[in-house]
Trainee: 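Handing you this structure, nothing more for now.
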Amino acid sequence: SPDSMKSSTNVLLQMEELDKRIIVLGDVLELGEVSHQCHYEVGTFIAKASYQGKTIDEVVTVGTEAKAIAEGVKATEGGEQIGVHVFDNNEDALRFLKETAKEKTGIIVKGSRGMHMETIIQGLLENASK
């Protein structure tokens with residue numbers, strides 16, 4: 001849900017040992033007519049969020065509806081400091097994350113079950129074990 005995406009943002013910001021914070025967000029399905037607005041509000045929340053001077057470094061979106069999250073980040077003051085990356089599928093997002101994530105990078109992955117975001121997590125875990 002959009003609320004859990006906002007909560008996840010706060011959790012990621014409070015992880016002090018990290019050098020980099022990436023949040024990966026897929027479509028929240030079944031929001032109906034309010035879908036665009038709800039996704040957009042998640043983006044504005046992320047752009048404004050900070051904890052002890054820390055902000056989210058990268059936002060990765062996957063899917064059609066999640067593009068509104070990217071729009072919200074870019075349109076909000078503070079969002080210009082955040083790397084925003086929009087992907088149509090999990091495979092492209094995973095490829096980007098494998099290239100971007102280094103040691104001490106925290107990544108939170110959220111999205112509706114129907115988006116199969118677990119494939120991103122599995123790919124990251126396989127990459128980390130190499």
Side-chain angles (χ1 to χ4, degrees):
S1 75
D3 287 339
S4 69
M5 290 178 168
K6 292 174 185 177
S7 295
S8 296
T9 299
N10 287 330
V11 168
L12 188 57
L13 288 171
Q14 292 175 31
M15 300 173 119
E16 294 183 19
E17 68 281 359
L18 301 175
D19 291 335
K20 188 172 194 172
R21 293 163 180 77
I22 302 173
I23 190 158
V24 182
L25 303 172
D27 293 349
V28 178
L29 304 173
E30 301 177 9
L31 290 174
E33 293 178 10
V34 298
S35 181
H36 185 273
Q37 184 61 34
C38 288
H39 284 89
Y40 188 90
E41 287 174 4
V42 169
T44 61
F45 179 87
I46 292 169
K48 293 177 184 178
S50 67
Y51 179 76
Q52 295 182 348
K54 299 177 188 99
T55 60
I56 299 297
D57 298 295
E58 309 277 347
V59 173
V60 174
T61 67
V62 180
T64 304
E65 296 298 315
K67 290 177 183 176
I69 297 170
E71 292 171 17
V73 171
K74 291 177 183 178
T76 304
E77 185 176 343
E80 67 278 354
Q81 298 174 19
I82 300 171
V84 178
H85 313 276
V86 177
F87 297 99
D88 293 323
N89 59 65
N90 291 340
E91 294 78 19
D92 291 342
L94 177 58
R95 193 172 10 265
F96 168 79
L97 291 166
K98 285 180 177 180
E99 294 170 2
T100 305
K102 305 294 180 219
E103 190 172 330
K104 293 192 177 185
T105 298
I107 302 173
I108 287 187
V109 180
K110 298 283 297 170
S112 283
R113 185 75 185 105
M115 292 300 293
H116 305 287
M117 303 299 283
E118 70 275 5
T119 62
I120 293 174
I121 297 168
Q122 290 168 349
L124 289 171
L125 290 172
E126 289 169 7
N127 193 57
S129 65
K130 293 180 181 178

Trainee: Kindly state each residue pair satisfying ring-ring contact (aromatic ring centres under 6.0 Å, His included) with at least one member in residues 7-59, sequence neighbours excluded.
Mentor: none

Trainee: With a 4.5 Å cut-off on side-chain heavy atoms, are N90 and H116 touching?
Mentor: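 When only atoms from C-beta onward are counted, N90 and H116 do touch, with a gap below 4.5 Å.
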
Trainee: Kindly work out whether a path of hydrophobic side-chain contacts (I/L/V/M/F/W/Y, heavy atoms less than 4.5 Å apart) joins L94 to I23.
Mentor: no

Trainee: To the closest 0.5 Å, what do you measure between CG (L31) and CG (L29)?
Mentor: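 The distance works out to 8.0 Å.
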
Trainee: Do you know which two heavy atoms are closest between L25 and M117, and how far apart they sit?
Mentor: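 It is C-CE, 4.0 Å.
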
Trainee: Output, in order, the C-alpha distance, side-chain angles, deciding distance and verdict of side chain to side chain contact (heavy atoms under 4.5 Å, CB included) for L97 and R95.
Mentor: CA-CA 6 Å; L97 291 166; R95 193 172 10 265; over 6 Å; no

Trainee: Examine I108 and L125 and state if one hydrophobic cluster contains both, with Ile, Leu, Val, Met, Phe, Trp and Tyr joined whenever side-chain heavy atoms are less than 4.5 Å apart.
Mentor: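 No, it is not one cluster - the side chains of I108 and L125 are not joined through contacts under 4.5 Å.
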
Trainee: Do the non-hydrogen side-chain atoms of I56 and L13 ever get within less than 4.5 Å of each other?
Mentor: yes

Trainee: Between T105 and L18, what is the shortest heavy-atom contact and its length?
Mentor: C-CD2, 4.0 Å

Trainee: Within the side chain of R21, is there an N or O that forms a donor-acceptor pair under 3.5 Å with the backbone of M15?
Mentor: yes

Trainee: Write down the atom of L12, the atom of I22, and the distance for their closest heavy-atom approach.
Mentor: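 Here L12 and I22 meet closest at CD2-O, 3.4 Å.
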
Trainee: Distance from E41 atom CD to D3 atom CG, nearest 0.5 Å?
Mentor: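 So the CD of E41 and the CG of D3 are separated by 9.5 Å.
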
Trainee: Can Q122 and E118 be counted as having a side-chain donor-acceptor contact under 3.5 angstrom?
Mentor: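 Not at all, the side chains of Q122 and E118 share no donor-acceptor pair under 3.5 Å.
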
Trainee: Indicate yes or no: at least one non-hydrogen side-chain atom of F87 is less than 4.5 angstrom from one of T61.
Mentor: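 A side-chain contact under 4.5 Å is absent here.
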
Trainee: Verify, without hydrogens or angle tests, whether S1 (side chain) and S4 (backbone) share a donor-acceptor contact under 3.5 angstrom.
Mentor: yes

Trainee: Measure the shortest side-chain to side-chain distance between M5 and I69 over non-hydrogen atoms and say whether it is less than 4.5 angstrom.
Mentor: yes

Trainee: Would you please test T44 and V73 for side chain to side chain contact (heavy atoms under 4.5 Å, CB included) and show each step?
Mentor: CA-CA 5 Å; T44 61; V73 171; over 6 Å; no

Trainee: Write down the atom of K98, the atom of G123, and the distance for their closest heavy-atom approach.
Mentor: CE-O, 3.7 Å

Trainee: Membership question, hydrophobic clusters at under 4.5 Å side-chain separation (ILVMFWY): are I107 and V11 in the same one?
Mentor: no

Trainee: If only atom types and distance count, is the side chain of T76 paired as donor or acceptor with the main-chain N or O of G72 below 3.5 Å?
Mentor: yes

Trainee: Side chain of Q37, backbone of S35: donor and acceptor closer than 3.5 Å?
Mentor: no

Trainee: Which heavy atom in M115 sits nearest to a heavy atom in V62, and how many Å separate them?
Mentor: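 Between these two residues, the closest heavy atoms are CE-O, 3.5 Å.
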
Trainee: Is it true that the side chains of S112 and D27 contain a donor and an acceptor less than 3.5 Å apart?
Mentor: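 No, no side-chain donor-acceptor contact under 3.5 Å.
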
Trainee: Please determine if K104 and E17 form a salt bridge, counting it only when a charged side-chain N lies under 4.0 Å from a carboxylate O.
Mentor: no

Trainee: If only atom types and distance count, is the side chain of D92 paired as donor or acceptor with the main-chain N or O of V86 below 3.5 Å?
Mentor: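 Not a single qualifying donor-acceptor pair exists.
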
Trainee: Does atom CG (D88) have a neighbourhood of more than 12 heavy atoms from anything else shown, all under 6.0 Å?
Mentor: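 Open.
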
Trainee: Show your reasoning for whether side chain to side chain contact (heavy atoms under 4.5 Å, CB included) applies to E16 and Q52.
Mentor: CA-CA 9 Å; E16 294 183 19; Q52 295 182 348; 3.8 Å; yes

Trainee: Would you say NZ of K20 has more than 12 non-hydrogen atoms from neighbouring residues, nucleotides or ligands within 6.0 angstrom?
Mentor: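 Check passes, neighbour count above 12.
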
Trainee: What closest approach, in Å, do C38 and P2 show between heavy atoms, and which atom pair accounts for it?
Mentor: CB-CG, 3.9 Å

Trainee: Atom CD of E58 and atom CD1 of I46: how far apart are they, to the nearest 0.5 Å?
Mentor: 12.0 Å

Trainee: Keeping N89 on the side-chain end and G63 on the backbone end, is there a donor-acceptor pair under 3.5 Å?
Mentor: no

